[in-house]
Peer 1: 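Structure in structure tokens, see below.
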Amino acid sequence: MNNLIWFRNDLRVTDNESLLKAMNGNNVIAVYCFDPRHYEADNFGFKKTEKYRAKFLMETIANLRANLKQLNVTLFVFHDKPEVVLPKLVKENEINNIFLQKEWTSEENAVFDSVIANVPALVNFETAYQQFLFHPDDIPFDSFENIPEVFTNFRKKCEKYAQIKSTYPIPESKNPTNFIANTTKIPTLAQLGLSDFTTDSRTAFPFKGGEDEANNRIASYFWETGKLAHYKKTRNGLIGKDYSSKLSAWLANGSISARTIYWQVKKFEKEVIKNQDTYWLIFELIWRDYFKYVSLKHQNKIFHLGGILNADYHWDNARLAKENWIKGNTKEPFVNANMKELALTGWMSNRGRQNVASFWSKELEQDWRIGAAYFESMLIDYDVHSNWGNWMYNSGVGNDPRNRKFNIPRQASMYDANGKFQKLWLQETLF
DNA sequence: GTAATATTGTT
DNA sequence: ACAATATTA
């Protein structure tokens with residue numbers, strides 16, 4: 001049996017069920033496609049992927065390729081559609097089985113369906129949920145239909161009844177003869193239609209993509225500096241790389257698994273200290289799972305104007321409001337500083353995200369999907385479920401039972417009392 | 001009807 | 001600690 005592993009958002013060799021299973025084949029190859037559709041404009045005119053995440057992804061694939069080579073597995077890399085690439089690979093390498101992570105959002109489903117339609121019917125596909133902390137088989141709900149609409153109800157039931165699986169090991173290496181020399185290349189930013197850039201020295205996310213870098217971040221944030229032990233107290237910070245874990249970016253493309261992080265926290269709690277702060281990182285991983293289950297339950301509604309509530313609010317779509325919000329030219333300096341940070345780095349703190357989202361949808365009353373689409377374009381750590389779920393939540397069409405509106409000046413005085421953050425991004429450029 | 005008081009959910 | 005709802009008086 002010859003196996004192929006098709007990488008999408010599971011770009012790692014550790015705790016990767018699909019890879020581990022594929023490695024049982026006689027011959028094993030791997031493929032990643034930079035899908036041109038991911039770099040085109042969306043319905044709102046934003047490029048679906050901007051330069052910051054694209055670069056992070058390129059670094060991720062380079063690292064994945066190196067780590068797979070250690071296992072004597074070739075990673076073919078293409079700048080083309082999977083439904084074009086995979087049928088050729090299947091034919092040339094006489095592939096019997098294709099292993100991949102299970103996705104469920106409409107665009108991912110459409111691509112998967114095209115691939116199925118374009119390979120011989122005898123080819124077998126095996127998918128696996130590998131992006132969860134609480135595996136769908138282990139949650140205490142009979143069906144996705146019964147996922148609670150209130151986060152706390154979801155969290156408490158999962159914490160009480162759901163076991164968290166152990167991680168899958170790195171597979172054993174194949175024989176060196178399994179490795180096939182190939183000349184496929186990771187595309188450049190220019191080839192993806194994006195401009196090159198130098199990293200802004202003020203960035204809160206000065207990290208590179210890839211599984212090794214994710215592990216380095218854990219080594220640093222958990223073990224070397226012990227900052228995990230202060231996470232709950234510092235996580236609403238705004239400046240610098242260490243106010244929060246920053247693991248979201250590697251989690252989003254699957255360079256590291258939620259379970260790997262969970263078991264590292266457990267180890268830290270055993271060997272160093274267990275406190276509210278260490279728990280809070282797990283708490284945040286549960287939020288991440290929650291939005292995946294919300295999207296499994298509600299499917300395409302997470303992209304609709306009325307959200308999962310079918311709410312009927314008045315929404316504007318003002319070109320000038322959009323331009324001013326994006327450029328950081330609104331009446332709220334705290335919003336402006338955060339929006340400039342996003343435009344210049346591809347990163348914004350969690351505190352900032354909640355504020356600029358609330359301002360956009362609740363204060364300006366603009367179509368919340370425009371805000372969500374802009375975040376999708378810009379964020380290094382974009383994850384479809386967290387992004388659209390959080391935007392629904394902050395826009396009053398999602399899972400917030402209170403439909404809160406942020407008092408922005410108050411938030412600014414609480415979280416940026418001395419104005420350091422606002423100054424960092426708003427002061428006139430010195431020359 | 002209003003106003004005080006309790007409950008809810010929280011990144 | 002808070003703000004939006006729900007309940008009680």
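In the text below, chain A, chain B and the rest are named by the order of the sequence lines, each starting its count at 1. What you see below is based on every heavy atom in this structure, not just the backbone, and it leaves out hydrogens, waters and symmetry mates.
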Peer 1: Spell out, as yes or no, whether a donor-acceptor pair under 3.5 Å connects the side chain of A/N387 to the backbone of A/A372.
Peer 2: yes
Peer 1: By the 4.0 Å heavy-atom rule, please label A/F291 as base, sugar-phosphate, or nothing.
Peer 2: base
Peer 1: Given B/dT8, B/dT11, B/dG9, which nucleotide is nearest the side-chain atoms of A/P401?
Peer 2: B/dG9
Peer 1: In whole angstroms, how far is the C1' atom of B/dT11 from the CD1 atom of A/I282?
Peer 2: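 A/I282 atom CD1 is separated from B/dT11 atom C1' by 15 Å.
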Peer 1: Name the nucleic acid region contacted by A/N236, choosing base, sugar-phosphate or nothing; use a 4.0 angstrom heavy-atom cut-off, strictly under.
Peer 2: nothing
Peer 1: Nearest whole angstrom, please: distance from the P of B/dT11 to the CZ of A/R155.
Peer 2: 11 Å
Peer 1: Quick one: is A/R410 getting a side-chain N or O under 4.0 Å of the C/dC2 phosphate, OP1 or OP2?
Peer 2: yes
Peer 1: Would you check if the side chain of A/R288 reaches a backbone N or O of A/S386 as a donor-acceptor pair within less than 3.5 Å?
Peer 2: no
Peer 1: Side-chain N or O of A/Y393 less than 4.0 angstrom from OP1 or OP2 on B/dT10?
Peer 2: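 It does, given that an N or O in the side chain of A/Y393 lies less than 4.0 Å from OP1 or OP2 of B/dT10.
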Peer 1: Can you confirm whether more than 12 heavy atoms, excluding those of A/Q276, are under 6.0 Å from its CD atom?
Peer 2: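 No, because the 6.0 Å sphere around CD of A/Q276 holds 12 heavy atoms or fewer from other groups.
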Peer 1: Distance alone, cut at 3.5 Å: any donor-acceptor contact between the side chains of A/E376 and A/W388?
Peer 2: yes
Peer 1: Would you check if the side chain of A/D277 reaches a backbone N or O of A/K233 as a donor-acceptor pair within less than 3.5 Å?
Peer 2: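 Indeed, once roles are kept as given, a pair shorter than 3.5 Å links the two residues.
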Peer 1: Whole angstroms only, please: what is the CG-P distance between A/D383 and B/dT11?
Peer 2: 19 Å
Peer 1: How many Å lie between CZ on A/R404 and P on C/dA1, as a whole number?
Peer 2: 17 Å
Peer 1: What is the separation between atom CZ on A/R353 and atom P on B/dT10, rounded to the nearest whole Å?
Peer 2: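 Interatomic distance, CZ of A/R353 to P of B/dT10: 19 Å.
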Peer 1: Whole Å only: how far is the CD1 atom of A/I286 from the P atom of B/dT11?
Peer 2: 14 Å
Peer 1: Round to a whole Å and report the spacing from CD of A/Q354 to P of C/dA3.
Peer 2: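 Result: 14 Å.
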Peer 1: In whole Å, I'd like the distance from the CD1 atom of A/I408 to the P atom of C/dC2.
Peer 2: 17 Å
Peer 1: Base of B/dT10, side chain of A/D400 - is there a donor-acceptor contact under 3.5 Å?
Peer 2: no
Peer 1: At less than 3.5 Å, do the side-chain atoms of A/R402 and the base atoms of B/dT8 form a donor-acceptor pair?
Peer 2: yes
Peer 1: With heavy atoms under 4.0 Å as the rule, sort A/R235 into base, sugar-phosphate or nothing.
Peer 2: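 Sugar-phosphate contact only.
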